[in-house]
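Positions are given from 1, in the same order as the sequence printed here.
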Amino acid sequence: KGVIKSDDVDELEGLEISVNDNGINRRVIIDQGVEFSVSIPIDRPVELQFEAKDHFPVVKTLRLSRRARVDNVTIPIVRMKANAVVNLDVQFFGGRSIITPSYMGSLGTLASVMSKSTDICLELAGHINQPGDIVDDRMHRSYGLSIARAIVIYDYLTESGIDKDRLLARGHSNSQMKYPNATSEEQASANRRVEARVISCDSTRIIPNDFFKDMGQFRPIE
């Protein structure tokens with residue numbers, strides 16, 4: 001049990017929790033307040049997805065031991081206000097724009113939040129893991145990979161019913177790595193990411209998506 005705390009407001013609308021336990025999903029709707037209580041099994045990981053209107057979804061994986069204490073926990077959640085940025089809870093295979101399967105569910109939660117928050121528009125910024133010199137040539141394959149990753153998220157959201165005029169896909173190559181000299185797979189995975197930033201809907205309507213001529217090379221071979 002615990003409380004969901006916004007960084008900007010005291011009350012939350014449309015608060016829901018999705019519990020994913022071994023592929024079985026159930027949803028808990030919080031009608032009033034920000035306090036929650038959910039039952040989860042012992043000794044196996046369970047994914048909890050928290051969503052609220054006008055806020056970025058939050059995904060937490062918990063595993064309770066038999067000795068676990070039932071303490072209150074605080075789940076911080078970020079409001080979708082101008083220029084707010086979050087790292088989307090997805091991971092990509094190296095050198096590909098393919099999302100690892102265990103992370104697909106969090107995109108469904110983002111689509112759900114976007115469908116409720118109809119005045120929110122997002123820039124989807126793709127990034128890669130490539131230590132060394134910054135690649136700023138937009139014709140380079142590395143730059144194309146960052147664009148392809150942003151486009152994958154863009155395509156998922158539009159296919160889920162989100163208006164394309166509310167989204168902008170951009171690539172940033174390796175210019176904004178979280179770990180410029182990654183020394184572990186965990187750090188490398190953190191560099192392979194897509195971030196979402198709240199921007200003006202005038203921008204998403206007017207500015208075209210970034211484009212790379214051969215984005216198919218980053219997808220599975222059929």
(request) Could you tell me whether the side chain of F93 reaches within less than 4.5 Å of the side chain of T100, counting heavy atoms only? (result) yes
(message) So R138 and F211, do their side chains get closer than 4.5 Å, heavy atoms only?
(response) no
(message) Quick check against the 3.5 Å criterion: does N191 have a side-chain atom that pairs as donor or acceptor with the backbone of Q130?
(response) no
(message) If you compare all heavy atoms of S117 against all heavy atoms of D54, which two are closest, and at what distance to 0.1 Å?
(response) OG-N, 2.7 Å
(message) Quick check: closest heavy atoms across K178 and A190, and the distance to 0.1 Å?
(response) CD-O, 4.2 Å
(request) Could I get the full list of side-chain contact (heavy atoms from CB on, under 4.5 Å) partners for S39, not counting sequence neighbours? (result) R26
(request) Step through the shown structure and confirm whether more than 12 heavy atoms of other residues, nucleotides or ligands are within 6.0 Å of CG on N22. (result) yes
(request) Can you see which heavy atom on P45 is nearest to which on R63, and at what distance? (result) CD-NH1, 3.7 Å
(request) Could you tell me the separation between the CZ atom of R192 and the CD atom of E185, rounded to the nearest 0.5 Å? (result) 4.5 Å
(message) Can you classify the ring geometry of F212 versus F218 as parallel (below 30°), tilted (30 to 60°) or perpendicular (above 60°)?
(response) tilted
(message) Applying side-chain contact (heavy atoms from CB on, under 4.5 Å) to V85 and N83, what does each step give before you reach the verdict?
(response) CA-CA 6 Å; V85 179; N83 293 317; 5.8 Å; no
(request) Identify, with sequence neighbours excluded, every residue that meets salt bridge (charged side-chain N to carboxylate O under 4.0 Å, His left out) alongside D214. (result) none
(message) Whether R197 and E195 form a salt bridge (side-chain N of Lys/Arg under 4.0 Å from carboxylate O of Asp/Glu) is what I want to check.
(response) no
(message) Measuring from atom CG of N129 to atom OH of Y179, what distance do you get when rounded to the nearest 0.5 angstrom?
(response) 11.5 Å
(message) The criterion is salt bridge (charged side-chain N to carboxylate O under 4.0 Å, His left out); which residues satisfy it with D43, sequence neighbours excluded?
(response) R66
(message) Would you compute the distance between atom CD of Q217 and atom CZ of R96 and round it to the nearest 0.5 angstrom?
(response) 8.0 Å
(message) Taking the side chain as everything from C-beta on, heavy atoms only, tell me whether D21 gets closer than 4.5 Å to P41.
(response) yes
(request) Identify the residue among N209, T204, L157 that makes a side chain to side chain contact (heavy atoms under 4.5 Å, CB included) with L167. (result) L157
(request) Supply the atom-to-atom distance H55 NE2 to E13 CD, rounded to the nearest 0.5 angstrom. (result) 10.0 Å
(request) Output all residues satisfying side-chain contact (heavy atoms from CB on, under 4.5 Å) with E11, sequence neighbours left out; order by chain, then residue number. (result) none
(request) Kindly check if the number of other-residue, nucleotide or ligand heavy atoms within 6.0 Å of CD (Q91) is above 12? (result) yes
(message) Show the nearest heavy-atom pair for residues S146 and S173, with the distance to one decimal.
(response) OG-N, 2.9 Å
(request) For a side chain to side chain contact (heavy atoms under 4.5 Å, CB included) with L88, tell me which candidate from I99, I153, V59, L122 qualifies. (result) I153
(request) First locate atom CD1 of I147, then atom OG of S97, and finally report the distance between them rounded to the nearest 0.5 Å. (result) 11.5 Å
(message) Contact between E51 and S112 at the side-chain level, heavy atoms closer than 4.5 Å - yes or no?
(response) yes
(message) Suppose clustering is done on Ile, Leu, Val, Met, Phe, Trp and Tyr with side-chain heavy atoms closer than 4.5 Å. Which residues sit in the same group as L168?
(response) I199, I207
(message) Could you report the tightest heavy-atom contact between A111 and Y156, atom names first, then the distance?
(response) CB-CE2, 4.5 Å
(message) Looking at every non-hydrogen atom in both residues, tell me the closest pair between K81 and V198 and how far apart they are.
(response) O-CB, 3.2 Å
(request) Output the rest of the hydrophobic cluster of V3: all Ile, Leu, Val, Met, Phe, Trp and Tyr residues reachable through side-chain heavy-atom contacts under 4.5 Å, sorted by chain and number. (result) I4, V9, L12, L15, I17, V19, V28, I30, V34, F36, V38, I40, I42, V46, L48, F50, V58, L62, L64, V73, I75, I77
(request) Mind checking the CG-CZ spacing from D210 to R170? Nearest 0.5 Å is all I need. (result) 4.5 Å
(request) Would you kindly confirm whether L107 and F92 end up in one hydrophobic cluster when ILVMFWY residues are joined by side chain heavy atoms under 4.5 Å apart? (result) yes
(request) Can you establish whether the number of heavy atoms outside D119 located under 6.0 Å from its atom CG is more than 12? (result) yes
(message) Quick check against the 3.5 Å criterion: does S142 have a side-chain atom that pairs as donor or acceptor with the backbone of V135?
(response) no
(message) Can you confirm whether S18 sits close enough to N25 that some side-chain heavy atom of one is under 4.5 Å from a side-chain heavy atom of the other?
(response) yes
